[in-house]
Each structure stands twice: as C-alpha cells, then as structure tokens.
Amino acid sequence: MALYVQGLGKGVANGGMTQFQEVMRQQLESSMHTELEKLLDTASGAEKELSRKDFDGFKKLFHRFLQVKGPSVEWIKIQRPPEDSIQPYDKIAARGLPDNVADSLNKLVVVKLNGGLGTSMGCKGPKSLISVRNENTFLDLTVQQIEHLNKTYNTDVPLVLMNSFNTDEDTKKILQKYTHHRVKIHTFNQSRYPRINKESLLPVATNMGMTGQNADVWYPPGHGDIYASFYNSGLLDQLIAQGKEYIFVSNIDNLGATVDLHILHHLVSQPNGKRCEFIMEVTDKTRADVKGGTLIQYEGKLRLLEIAQVPKAHVDEFKSVTKFKIFNTNNLWISLAAIKRLQEQSAMDLEIIVNPKTLDGGQNVIQLETAVGAAIKCFDNALGINVPRSRFLPVKTTSDLLLVMSNLYSLEAGSLTMSHKREFPTTPHVKLGSSFTKVQEYLTRFESIPDMLELDHLTVSGDVTFGKHVSLKGTVIIIANHGDRIDIPAGSMLENKIVSGNLRILDH
C-alpha cells in the first residue's frame with residue numbers, strides 16, 4: 001500500500017492529473033498481472049496453457065478498459081450511413097442465383113453462437129437444447145437446415161458451434177446423435193475470463209477451479225470473443241485450408257437465421273479488389289426493438305452503435321424509430337481470411353461493454369465484454385443489408401416460444417416460415433405473465449397450442465390455463481386477479497375479448 005500512495009503522491013507533485021492517472025493505471029495493471037499469475041499457478045498442464053491464452057486476451061481487454069476516457073462515441077460526430085452502405089434485400093435478391101450455387105455453398109461455414117444457458121426460461125443446461133417445435137430443439141433445427149442444403153446441392157457446408165464453459169460438456173454429449181447426419185460439426189470454446197471486484201478491480205477468483213465458491217467467479221466475455229477464440233482454436237486455419245472463405249454467424253436462438261443463397265451469392269461474386277469482408281443483416285425497427293444496436297456512419301466508417309454507448313441525454317433519441325430506423329439482427333457474414341489478417345495484426349478494436357453484476361453473496365463485480373457486430377468498422381467494404389423481418393425470429397421468452405409453436409408457422413427441413421394462411425405478414429404481439437415464465441410451467445398451462453392465425457395481440461396475466469383447440473383472434477386480454485383462476489374451455493373462440501375474474505372448469 002505504501003508504494004501505491006507514494007506513486008500517487010509523486011504523480012500529483014509532478015504537475016497534473018494525467019500523470020497521476022497514468023501511475024494509477026500502471027499500478028492496477030501490475031496488480032492484475034500478479035493476481036492472474038497466482039491463479040495460473042493453481043492450474044495444471046493443458047489447462048494452464050489454455051488459461052494462459054485466455055488471460056492474454058483478458059489482459060489486452062483490461063488494458064483498454066483502463067485507457068478509456070469517457071464515452072466511446074461523440075454524439076455530434078454521428079451521421080446517417082450513406083445510401084449505398086445499407087442495401088435493400090430485394091435489390092440483392094433481384095440479381096437472381098447462378099447455376100453453380102454449390103460452388104458458393106462449398107465456400108461457406110455456418111457458425112452458431114451457443115454459449116448461453118436456458119436459465120431465463122427456467123431450464124437447466126444449454127439454451128440450444130430446449131425443445132421449440134415438435135420435440136425439435138434449436139440445435140436439431142439447425143442441423144436439419146444444413147443437412148437439407150448439403151443434400152439438395154450435394155455440398156459440404158459444416159456447422160461450427162461456439163460453446164462456452166457453461167455449455168460445452170452438455171453440447172458435446174448431445175452431438176453424438178448427429179453422427180449419421182450429412183453435416184460435419186465442429187466446436188470451439190469461448191474464452192473464460194475472471195469477474196473483477198468493482199472496488200479493487202482485481203479478480204474475485206482465488207484459484208482456477210469452477211465449482212463451490214468459485215462457481216460464479218468466471219464468465220464468457222460476450223460474442224465479440226469469437227474472433228480471438230476461433231483463431232486460437234486452430235479451427236479458423238483448418239477451414240481456410242479446406243477452401244472455406246466465409247462464415248455465416250448468428251445466435252442459435254434466432255430461428256429466422258437460415259443460410260440465404262442471395263446474400264451468399266452477393267458476397268462471392270464481388271470483384272477481387274472490392275471484396276466485401278463483412279455483411280450485417282439489419283431490419284426495420286418496431287416499437288419492440290428500440291434497444292437494438294443500429295448502424296451509423298462514424299469517422300468515415302460504418303459502425304455499430306449499441307444503447308450502452310449512448311450518453312444518457314441522447315437515449316430517447318437513440319430509441320426513436322424515426323431517426324434510427326433499423327437495428328442489427330446479429331446475422332453476420334464475415335470473411336475468414338479477413339478475420340485471420342486482423343487477428344494477426346492485433347487490429348480488432350471492439351468497444352468494451354462493462355456489465356455490472358451482483359454475485360449471490362452480495363459482492364459487486366464487473367465483467368468486460370465485447371459484441372461480435374462491433375467489429376464491422378475493422379473490415380473492408382463492409383455492408384448492411386436490410387432484410388425482411390422474417391430473418392429475425394429470436395426465442396428469448398415463453399411468449400416467443402408460443403408464437404413459434406403455433407400454427408402461425410410451418411416447419412420444413414428445419415426452417416420455420418410464416419403460414420400462407422395468415423393474411424398479414426406481421427407477427428402478433430404476445431405478452432405472457434410471470435406464471436408462464438418457466439418452460440415447464442408454460443407447457444402445463446396449454447393442453448394444446450391455440451389457433452393464432454388471426455391474432456393481433458394477446459396479453460395473459462395471472463393463473464390462466466387453456467383447454468384444447470382454443471382459437472384466438474384480434475386482440476385478446478385475459479387477466480386473472482390474485483387468488484382467482486381462469487380456465488379457458490376447450491374449443492373456445494375468443495375474438496376481441498377481455499376476460500377477467502374467475503372461471504373454473506372442474507372434471508366430475
């Protein structure tokens with residue numbers, strides 16, 4: 001501590017805050033390095049080498065975190081992207097497809113972000129293993145989609161899963177069931193970084209263990225970690241050696257993120273000097289998407305602007321549907337060679353997201369994260385494509401799950417498409433209350449999924465159950481007050497109705 005105080009005193013005496021801050025930063029970095037080395041000493045052999053690679057990445061992130069002075073964007077410098085930098089999907093699709101679709105597909109790798117757990121939906125284990133439609137999980141549907149492509153075009157499009165230490169073991173166990181499917185599956189792991197104490201800015205972990213008191217001291221550092229961990233795994237080089245050129249990256253819970261042949265053709269047909277290295281699929285914002293990241297022009301480059309980067313005074317402006325009309329779907333098409341080049345040049349400069357958490361014991365920590373889309377500014381000839389809303393169908397809650405399980409969608413070869421029987425292409429707005437949050441509880445409340453083809457809006461609150469063959473149309477609001485219960489009878493048809501009070505149906 002004496003050294004700490006002495007250093008600070010010297011900084012101020014030498015005239016000025018900047019030198020004082022520099023001394024502080026050096027002290028913090030030095031302390032962090034010492035603590036990380038102590039942690040590594042508790043690891044053995046292979047784990048030690050792997051963790052050292054992770055910690056090298058963490059040190060760079062921590063160094064940049066300490067350097068940041070104020071917001072990462074100056075609001076006054078933000079401009080709307082030039083017209084040609086965000087192309088409408090129809091324009092891309094209008095070019096048609098070549099005869100040799102297989103040649104393009106053989107240059108492609110599908111990457112799914114598979115680091116998340118199903119905890120927010122009350123499930124244990126990886127989110128990708130939750131059943132979403134006809135007993136098929138997110139992972140099943142993904143495998144079916146790619147297998148269908150490989151069979152149809154006689155190609156070899158592999159699937160790569162980016163797991164985290166939370167999902168790796170369970171995912172690998174389940175992968176055995178796909179051994180006879182026509183799709184090669186590879187996995188690699190996201191880094192494992194230490195959560196840091198908010199006050200001391202030092203790791204909370206006391207050793208490299210991951211159980212007991214160390215269970216919640218580690219975290220996977222956001223999907224922006226894909227570039228470093230993909231490169232470090234050796235898989236990137238392996239795929240380049242096989243002639244692969246592009247990855248299509250998306251969240252595994254976005255059921256709209258299927259391989260689009262028109263976007264792929266657009267990528268591979270560019271002349272060499274103008275090769276597009278990065279495409280971000282964006283779609284029009286609705287009131288439900290006001291927090292989604294948007295594309296801006298900043299200092300001559302396309303850049304992703306996330307709500308966390310917006311100064312408080314401008315948050316309402318950021319959420320406005322008129323000024324920022326589109327948002328990032330996190331469906332991204334990225335050049336493998338460009339990832340390799342940027343990694344080797346250490347030129348991947350992603351904004352840091354500081355995510356505060358409180359551990360079970362009440363300790364306040366922060367975790368430093370990055371977002372995969374933030375790298376758009378690092379790539380050459382980056383482009384946004386404004387795609388139909390149907391390519392963004394995330395399942396984050398049981399309200400989303402109800403939509404994709406219903407007759408609004410039909411399932412074919414792992415892909416969900418809006419039923420042709422629905423007269424308008426928008427999805428209904430569904431809001432299920434807290435009694436439906438957990439998947440198991442949600443499933444017990446529906447004897448069968450209602451007919452929702454003509455539904456616009458559904459709100460359900462309280463202790464409500466649905467009998468078989470219920471039909472919902474227009475706007476339906478069902479509210480059971482505390483202590484009441486509402487059973488919607490089998491075969492009911494509710495159109496533009498508000499149901500409240502108490503309705504019990506008992507077997508006799």
- Take Ile263 and Ile385, measure what side-chain contact (heavy atoms from CB on, under 4.5 Å) needs, and give me the verdict at the end. CA-CA 9 Å; Ile263 296 177; Ile385 295 183; 4.1 Å; yes

- Atom CG of Asp84: over 12 foreign heavy atoms under 6.0 Å: yes

- Return yes if a side-chain donor-acceptor contact under 3.5 Å exists between Asn254 and Asn331, otherwise no. yes

- Do the non-hydrogen side-chain atoms of Pro203 and Leu36 ever get within less than 4.5 Å of each other? yes

- Is there a donor-acceptor contact under 3.5 Å linking the side chains of Asp140 and Tyr178? yes

- Message: For Lys53, is the NZ atom crowded, meaning more than 12 foreign heavy atoms sit under 6.0 Å from it?
- Response: no

- Taking C-beta and beyond as the side chain, do Met121 and Thr437 meet within less than 4.5 Å on heavy atoms? no

- Query: Do Arg275 and Gln270 have side-chain N/O donor and acceptor atoms under 3.5 Å apart?
  - Reply: no

- Might you work through the salt bridge (charged side-chain N to carboxylate O under 4.0 Å, His left out) test for Asp284 and Arg389, ending with a clear yes or no? CA-CA 7 Å; Asp284 292 344; Arg389 180 75 184 202; over 6 Å; no

- Just checking, is any N or O donor in the side chain of Lys112 or Ser250 under 3.5 Å from an acceptor N or O on the other one? yes

- Would Thr171 and Asn114 count as having a side-chain donor-acceptor pair, cut-off 3.5 Å? yes

- Item | Closest non-hydrogen atom pair between Asp253 and Lys127, with its separation | OD2-NZ, 2.8 Å

- Using the ring of each side chain (for Trp, its six-membered ring), is Phe62 parallel, tilted or perpendicular to Phe58, with breaks at 30° and 60°? parallel

- Query: Does the side chain of Leu139 come within less than 4.5 Å of Leu161's, by heavy atoms?
  - Reply: yes

- Any side-chain heavy-atom pair of Leu105 and Leu261 under 4.5 Å: yes

- Query: Any luck finding a side-chain donor-acceptor pair between Tyr89 and Glu281 under 3.5 Å?
  - Reply: no

- Task: Please check if the distance between the ring centroids of Phe55 and Tyr193 is under 6.0 Å.
- Result: no

- In Å and rounded to the nearest 0.5 Å, what is the CG to CD1 distance from Asp260 to Ile92? 9.5 Å

- Heavy atoms from other residues, nucleotides or ligands near NZ of Lys377 exceed 12 (cutoff 6.0 Å): yes

- NZ of Lys431: more than 12 outside heavy atoms within 6.0 angstrom? no

- Start with the C-alpha gap between Thr370 and Leu61, add the side-chain angles, then the distance that decides, and say whether side-chain contact (heavy atoms from CB on, under 4.5 Å) holds. CA-CA 9 Å; Thr370 56; Leu61 200 59; 3.9 Å; yes

- May I ask you to check whether Gln27 and Glu29 show a side-chain donor-acceptor distance below 3.5 Å? no

- Query: Going through the checks in order, is the side-chain contact (heavy atoms from CB on, under 4.5 Å) test met by His223 and Met162?
  - Reply: CA-CA 9 Å; His223 41 53; Met162 178 167 88; 4.3 Å; yes

- Query: Just checking, is any N or O donor in the side chain of Gln190 or Asp225 under 3.5 Å from an acceptor N or O on the other one?
  - Reply: no

- Task: Decide salt bridge (charged side-chain N to carboxylate O under 4.0 Å, His left out) for Lys107 and Asp156; before the verdict, give the C-alpha distance in whole Å, the side-chain angles of both, and the deciding distance to 0.1 Å.
- Result: CA-CA 9 Å; Lys107 294 174 181 171; Asp156 179 22; over 6 Å; no

- Message: Is a donor from one side chain sitting under 3.5 angstrom from an acceptor on the other, for Lys91 and Gln87?
- Response: yes

- Message: Quick check on side chain to side chain contact (heavy atoms under 4.5 Å, CB included): which of Arg303, Lys325, Met280 does Leu295 satisfy it with?
- Response: Met280

- Item | Verdict with supporting geometry, Asp168 and Lys172, salt bridge (charged side-chain N to carboxylate O under 4.0 Å, His left out) | CA-CA 6 Å; Asp168 189 51; Lys172 279 183 172 158; 3.2 Å; yes

- Message: I'd like to know if the side chain of Arg391 reaches the main chain of Thr258, judged simply by a donor and an acceptor atom lying under 3.5 Å from each other, with no hydrogens or angles considered.
- Response: yes

- Task: Search all heavy atoms of Pro82 against all heavy atoms of Gln297 and return the closest pair with its distance.
- Result: CD-OE1, 3.2 Å

- Kindly indicate whether the side chain of Tyr227, heavy atoms from C-beta on, has any atom under 4.5 Å from the side chain of Leu342. no

- Query: Taking the inter-plane angle between the rings of Phe230 and Phe188 on a 0 to 90° scale, is it parallel (under 30°), tilted (30 to 60°) or perpendicular (over 60°)?
  - Reply: parallel

- Message: Applying side-chain contact (heavy atoms from CB on, under 4.5 Å) to Leu113 and Ile226, what does each step give before you reach the verdict?
- Response: CA-CA 9 Å; Leu113 304 172; Ile226 185 172; 4.1 Å; yes

- ring pair (Phe, Tyr, Trp, His ring centres under 6.0 Å) contacts in which one or both residues fall within residues 266-309, not counting sequence neighbours: Phe278-Phe379

- Heavy-atom neighbours of Glu169 CD exceed 12 at 6.0 Å: no

- Would you indicate whether Lys60, at its atom NZ, is surrounded by more than 12 heavy atoms from other residues, nucleotides or ligands within a distance under 6.0 Å? no

- Query: With sequence neighbours left out, what residues match Leu117 under side chain to side chain contact (heavy atoms under 4.5 Å, CB included)?
  - Reply: Thr119, Asn166, Thr167

